[in-house]
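First the structure, in the form of structure tokens, and then the observations on it.
As the structure is a computational prediction, the values presented were derived from the model and not from experiment. Below, chain A is the first sequence line, B the second, and so on; all start at residue 1.
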Amino acid sequence: MLKRTHYCGLLRPQHEGEEVVVAGWVNTYRDQGRGLVFCDLRDREGLAQVVFDLEDVPGDVVTAARALRREDVIAVRGKVRKRAGDANPRLATGSIEVLASAIEVLNKAEVPPILPDEHEADRIAEETRLRYRYIDLRRPRMQQIMRLRSRVTKFARDYFAHNGFLEIETPLLIKSTPEGARDFVVPSRLYPGSWYALPQSPQLFKQILMIAGFDRYLQICRCLRDEDPRADRQAEFSQIDLEMSFVERQDVIDMISGFVAGLWKEIFGLEIGAIPVMTYHEAMERFGIDRPDTRFGLEIADVSDVAQRMDFRVFQDALAKPKGVVKAIRVPGGAETLTRKMTDGWGEWVRTFKAGGLPVVKLTAKGWETGIAKFLSGDAGEALKQRLGLEVGDAVLFAADTYAIATKTMGEVRLRMGRELGLVPEGQWKFLWVIDFPMFEHDDERNRWVALHHPFTSPNPDQFDILESDPGACVSAGYDLVLNGSEIAGGSIRIHSPAVQQRVFNLIGLSDAEAEVKFGFLLRALRHGAPPHGGIAFGLDRLVMHLAGTENIRDVIAFPKTQSGADLMIEAPGPVDLEQLDELHVRNVEEAPA
RNA sequence: GGGGCGGUAGCUCAAUUGGUUAGAGUACUGGCUUGUCACGCCAGUGGUUGCGGGUUCGAUUCCCGUCCGCCUCGCCA
């Protein structure tokens, strides 16, 4: 076999005159007849033009050259020379070419169903790309993203190793625990009727590694959650997971801020500056979401007291509800930019958040117009102008419902409006730490408290007293790192006291006995000397999405799954032999007749 | 589990109100072509219209069911 001496994509004018061997895939071929054949040969570094002068090479080389087809794998020996024809300014190798003297066809390729051409990729159905992922991944763009991902994990390993973190692996076959996402589950052959669960995260293992005295832990790990995917979510995803002992919230925030700053410096050569901090409460009040996109305004205001004075049935009904509120967004210039079609469309759409609608009003030179204008004629209208700082030409959108629904609605409307009005600036990196999350959320339907983060999150140091007396007000030592409105990392200081852990379990409805059954190993470990500790985990896929500038998580995963959890390339999931099931003490349940 | 969009040649798409032999570009095959580079020119091959039913003289088109893909609500401690 001809042994490669150079990557195609790295050939440069300085190699002129050298005899080289290049190897790769036939990107395109241009047969010019009996005299010349051109071939753009591709490897991971890029393209180089190979030229066959058919009058100057042996007959078998002529035959092979003229038979070249797309995606054939070949090796070519030849001399690098300045191009005889025009240079191609679109190629890094465009001023030179390899004049072939020998060719070895390493593997003919069947006619490719898709081509790794960048200008084709956007048009090809993603389904087809996933089915032939090995071809799709040959595209320069995909190669570039996978390299980027590799640089990110390399940087993470270097940064955290430099800061004393040890890379330690944790098991994949663990046990199912209550709370959290649906588990993927694996039947046990040796314990009939018993099941492993695949980890949703290494959470408890990394805490136990702290108890075991490793002080600082890092793992780039796979997490598995059997929930429906989204554009930015897969059932199987990766985390940069870490944990530190003898630390408080600020220590973790500092460590991670340093990591992100270093990463952005490494990838973009950019200084991201100090990362601002915002409380959960402030985020919800101003942006209607726990991960605000602070790249644009359109902030939310509470206008419940103004609404109280309006003779508008929808507002009155909302305020009569428990925790009823009226929220508003001032849209500067909205009288012009918001069309009836837009606001009507949004009004329909907000029903998906259980909101009744999206009242709107515009302030023009003639006064209040459209929508709920007639309810604003009196001093309520003046109060609204005051409250929102309205100017002529503005519009106002309202959401009236319970706090949860109105806030969510305004938050979603704000984001959609930002996008559709083109208010979200490109090329900005707005990082934000969100802290002081509530410990618990109340599940009204089942009348119980649920951990907002996870039940191993510690209350903030000053909050232990109100843990039982006012769980809804109790604030946790959790923290999320938000970038341009997306959560890229989340973590907390953990509970290290077995007594506190027991109290939290009790609060979320786990009796001492149940807690012992489900989390006995954790409680025992905590009782055997647990240092104060805390940590965080990055969503690696999402981080790479930001760095790569894509909205599609499948773009940053080499072998992703579809929205129904299938791998179209290997055709998983699939059936197994009955014998396999027998060994596992598992039987298929036939569909019940309808 | 719910809502929306889509599925026609290998790929990307078209096909009028239900009506002739389902077309185009590209790819592919053959021929021509000595400086191309998304090479060009000529000719040709290529179809279970996702699948299964139904209505009809006739279905890519209408109806029912179903599968698959994408977006989304729920869900994602």
Side-chain angles (χ1 to χ4, degrees), chain A residues 27-41 47-56 66-67 69-71 83-91 93-94 97 99 110-132 135-136 177-183 200-201 203-204 223-235 237 348-355 408 412 416 437 439-441 443 449-457 476 478 487 490 492 504-505 508 510 539 551-552 554 561-566 568 571 594:
Chain A
N27 196 62
T28 53
Y29 60 93
R30 295 177 291 279
D31 184 344
Q32 299 295 118
R34 302 205 184 281
L36 275 182
V37 171
F38 295 100
C39 162
D40 288 344
L41 197 60
L47 297 177
Q49 175 166 286
V50 175
V51 58
F52 296 87
D53 185 340
L54 302 183
E55 287 181 351
D56 213 31
R66 298 203 74 184
R69 291 297 179 267
R70 291 188 167 196
E71 301 309 309
R83 288 200 182 184
D86 291 337
N88 183 349
R90 292 190 312 175
L91 291 184
T93 60
E97 63 190 3
L99 178 64
E110 275 184 21
V111 176
I114 61 173
L115 288 170
D117 283 3
E118 220 52 73
H119 64 271
E120 293 267 331
D122 289 342
R123 312 194 315 145
I124 299 174
E126 193 175 10
E127 189 175 350
T128 314
R129 289 174 42 201
L130 290 177
R131 202 171 300 278
Y132 302 99
I135 301 176
D136 191 48
T177 53
E179 308 278 318
R182 190 179 296 114
D183 283 317
Q200 298 175 24
S201 83
Q203 181 59 36
L204 294 176
C223 302
L224 300 119
R225 297 176 187 176
D226 191 4
E227 301 289 352
D228 290 357
R230 283 288 186 285
D232 62 350
R233 226 165 66 189
Q234 286 260 301
F237 65 101
E348 272 304 307
W349 169 68
V350 296
R351 292 173 197 277
T352 60
F353 313 115
K354 297 197 177 120
K408 161 106 175 154
E412 294 288 345
R416 180 158 176 188
F437 288 83
M439 281 287 289
F440 309 102
E441 256 179 338
D443 181 341
W449 293 103
V450 214
L452 189 77
H453 187 47
H454 57 55
F456 320 109
T457 300
S476 86
E487 182 197 326
S492 62
V504 169
F505 282 152
I508 60 169
L510 277 181
E551 309 260 284
N552 181 348
R554 294 175 298 277
K561 291 185 172 55
T562 68
Q563 197 151 76
S564 49
L568 298 179
E571 297 177 310

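- For B/rC42 and B/rA24, the P atoms lie 14 Å apart once the distance is rounded to whole Å.
- In this structure B/rC76 sits in no base pair that meets the Watson-Crick or G-U test at under 3.5 Å.
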ask   = Once each nucleotide of nucleotides 65-74 of chain B is scored for protein heavy atoms under 4.0 Å, what B/S/- sequence comes out, 5' to 3'?
value = ---SSSBBBB
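- Rounded to an integer number of Å, the gap from CG of A/Leu99 to C1' of B/rU34 is 13 Å.
- Contacts of A/Ala48 with the nucleic acid, taken as non-hydrogen atoms under 4.0 Å apart, are absent.
- The ring-ring contact (aromatic ring centres under 6.0 Å, His included) test applied to A/Phe353 returns A/Trp349, not counting sequence neighbours.
- Between B/rU16 and B/rA59, the two C1' atoms lie 16 Å apart (nearest whole Å).
- Going from atom CG of A/Asp136 over to atom P of B/rU12 covers 12 Å, rounded to whole Å.
- With both ends at atom C1', the span from B/rU45 to B/rU26 equals 15 Å, rounded to whole Å.
- In this structure, B/rU29 and B/rA43 make a Watson-Crick or G-U wobble pair, each of the two defining distances being under 3.5 angstrom.
- B/rG6 and B/rG54 have their P atoms separated by 26 Å, with the value rounded to a whole Å.
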Expected rows: protein N/O vs nucleotides 28-32 of chain B N/O, under 3.5 Å:
| residue | atom | partner | partner atom | Å |
| --- | --- | --- | --- | --- |
| B/rU29 | OP1 | A/Arg69 | NE | 3.3 |
| B/rU29 | OP2 | A/Arg69 | NE | 3.1 |
| B/rC32 | OP1 | A/Arg34 | NH2 | 2.9 |

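- For the pair A/Asp86 CG and B/rC39 C1', the computed distance is 13 Å after rounding to whole Å.
- Base-pair partner of B/rG18: not found among the strands shown (Watson-Crick or G-U wobble, both distances under 3.5 Å).
- The nearest whole Å value for the distance from the OH atom in A/Tyr132 to the P atom in B/rU12 is 11 Å.
- Atom CG in A/Asp53 sits roughly 15 Å away from atom P in B/rU36 (whole-Å rounding).
- No side-chain donor-acceptor contact under 3.5 Å links A/Arg554 and A/Gln563.
- Residue contacts shown for A/Glu97 include a base, since a base heavy atom lies under 4.0 Å away.
- A/Asp136 is linked by a side-chain contact (heavy atoms from CB on, under 4.5 Å) to A/Ile114, A/Arg129, A/Arg133, A/Arg139, A/Met142, counting only residues two or more places apart in sequence or in another chain.
- Judged by distance alone, with hydrogens and angles left aside, the side-chain atoms of A/Arg70 form no donor-acceptor pair with the main-chain N or O of A/Thr28 at under 3.5 Å.
- Between A/Asn88 and A/Val450, the residue anchored nearer the 5' end of RNA chain B, judged by the nucleotide with its closest heavy atom, is A/Asn88.
- For the C1' atom pair drawn from B/rC63 and B/rG18, the interatomic distance equals 13 Å after rounding to whole Å.
- Searching all strands for a Watson-Crick or G-U wobble partner of B/rG35 with both distances below 3.5 Å returns nothing.
- Pairing of B/rC62, defined by two Watson-Crick or G-U wobble distances under 3.5 Å, is identified with B/rG54.
- Searching all strands for a Watson-Crick or G-U wobble partner of B/rA9 with both distances below 3.5 Å returns nothing.
- With 3.5 Å as the limit, one finds no donor-acceptor pair spanning the side chains of A/Glu71 and A/Asn27.
- Residue contacts shown for A/Leu47 are absent, as no nucleic acid heavy atom lies under 4.0 Å away.
- Among all heavy-atom pairs drawn from A/Asn552 and A/Glu126, the shortest one is ND2-OE2, 3.0 Å.
- Across all their heavy atoms, A/Gly478 and A/Thr457 have their closest contact at N-CG2, 4.3 Å.
- For A/Glu412 and A/Lys408, the salt-bridge test passes: some basic side-chain N is under 4.0 Å from an acidic carboxylate O.
- Taking the C1' atom of each, B/rU17 and B/rG58 are spaced 15 Å apart, rounded to whole Å.
- Formation of a donor-acceptor pair under 3.5 Å by the A/Arg30 side chain with backbone atoms of A/Cys39 is not found in this model.
- Of the P atoms belonging to B/rG2 and B/rA38, the separation is 49 Å, rounded to the nearest Å.
- Taking atom P in both B/rG46 and B/rG19, one finds a spacing of 26 Å when rounded to whole Å.
- For the residue pair A/Asp183/A/Gln200, the side-chain donor-acceptor check at 3.5 Å is satisfied.
- Nearest nucleotide to the side chain of A/Thr28, out of B/rU34, B/rC39, B/rU12: B/rC39.
- In this structure A/Phe505 satisfies the ring-ring contact (aromatic ring centres under 6.0 Å, His included) test together with A/Phe519, sequence neighbours excluded.
- Taking side-chain N and O atoms only, A/Arg30 has a distance below 4.0 Å to OP1 or OP2 of B/rC39.
- Distance, A/Asn27 CG to B/rU36 C1': 14 Å, rounded to whole Å.
- For A/Glu118 and B/rC11, the CD to P distance is 19 Å, given to the nearest whole Å.
- Taking atom CZ of A/Arg123 as the reference point, atom C1' of B/rU12 lies 4 Å away to the nearest angstrom.
- Not counting sequence neighbours, the partners of A/Phe437 by the ring-ring contact (aromatic ring centres under 6.0 Å, His included) test are A/Tyr280.
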